[in-house]
Colleague: 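Just dropping this structure here.
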Amino acid sequence: MLTLTENASTIVKTLTDQAPQDDAGLRISSSNPQNTAFAAAVTPEPEPADQVVESAGARLFLEQGAAVALDNKVLDAQVDEQGAVSFAIGALA
């Protein structure tokens, strides 16, 4: 299962708190499990087949292909000086 760093949890929670729905989360999807390119968007609720990951109040919805590709990985996040969010994926230590 995907693990979130403290920074990632805080940033995901900040992003989803701006959505009007209480159960909103950040949905991560991938069209190909062997691909390292992922799409991320705040959505009001998970799709029926999504894996839901919760960490320190942050909610992630992982599309099936993304869930497979991100199994046993760590998600980190940073905000740059202009306010842009970037995510990084690493191996579990």
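Values below: every heavy atom of this structure, side chains too, minus hydrogens, waters and symmetry copies. We number each residue from 1, following the sequence as shown.
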Colleague: Tell me, please, which residues at least two apart from Thr10 pass side chain to side chain donor-acceptor pair (under 3.5 Å).
Modeller: none
Colleague: Going from CZ on Phe61 to OG1 on Thr16, what distance comes out if it is rounded to the nearest 0.5 angstrom?
Modeller: 8.0 Å
Colleague: For Arg27 versus Ser29, what's the shortest heavy-atom pair and its separation?
Modeller: NH1-CB, 3.9 Å
Colleague: Under a 3.5 Å distance rule, please check whether Gln51 uses its side chain to pair with a backbone N or O of Leu62 as donor and acceptor.
Modeller: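 No, the answer is negative, given that no donor and acceptor are paired below the 3.5 Å cut-off.
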Colleague: Using a cut-off of 6.0 Å, state whether more than 12 heavy atoms not belonging to Gln78 lie near its atom CD.
Modeller: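 For Gln78, atom CD is not crowded (no more than 12 foreign heavy atoms under 6.0 Å).
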Colleague: Can you give the donor-acceptor pairs under 3.5 Å from side chains of residues 66-74 to other protein atoms, not counting sequence neighbours?
Modeller:
residue: Asp71; atom: OD1; partner: Met1; partner atom: N; Å: 2.5

Colleague: Might you point out which heavy atoms bring Ser9 and Ala56 nearest each other, and give the distance in Å?
Modeller: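 Scanning both residues completely, I find the closest heavy atoms to be CB-CB, 4.1 Å.
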Colleague: My understanding is that only residues two or more places apart in sequence, or in another chain, count here; which of them pass salt bridge (charged side-chain N to carboxylate O under 4.0 Å, His left out) with Asp17?
Modeller: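 With neighbours one apart ignored, the set is Lys13.
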Colleague: Do Val79 and Phe87 sit in the same hydrophobic cluster, where Ile, Leu, Val, Met, Phe, Trp and Tyr count as joined when their side-chain heavy atoms come under 4.5 Å apart?
Modeller: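 Yes, Val79 connects to Phe87 through the hydrophobic network.
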Colleague: Can you pull out every salt bridge (Lys or Arg N to Asp or Glu O under 4.0 Å) where at least one residue sits in residues 51-61? Sequence neighbours excluded, please.
Modeller: Glu54-Arg59
Colleague: With sequence neighbours left out, write down each residue that passes side-chain contact (heavy atoms from CB on, under 4.5 Å) with Asp80, or none if nothing qualifies.
Modeller: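 So Asp80 forms a side-chain contact (heavy atoms from CB on, under 4.5 Å) with Gln82, Ala84.
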Colleague: Please list, chain by chain and in numerical order, all residues satisfying side chain to side chain donor-acceptor pair (under 3.5 Å) with Asp76, sequence neighbours excluded.
Modeller: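 If we apply the side chain to side chain donor-acceptor pair (under 3.5 Å) test to Asp76, skipping adjacent residues, the hits are Thr5.
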Colleague: Give the table of side-chain donor-acceptor pairs shorter than 3.5 Å for residues 37-49, with sequence neighbours excluded, one pair per line with atom names and distance.
Modeller:
none

Colleague: Does any non-hydrogen side-chain atom of Leu75 lie less than 4.5 Å from one of Leu60?
Modeller: yes
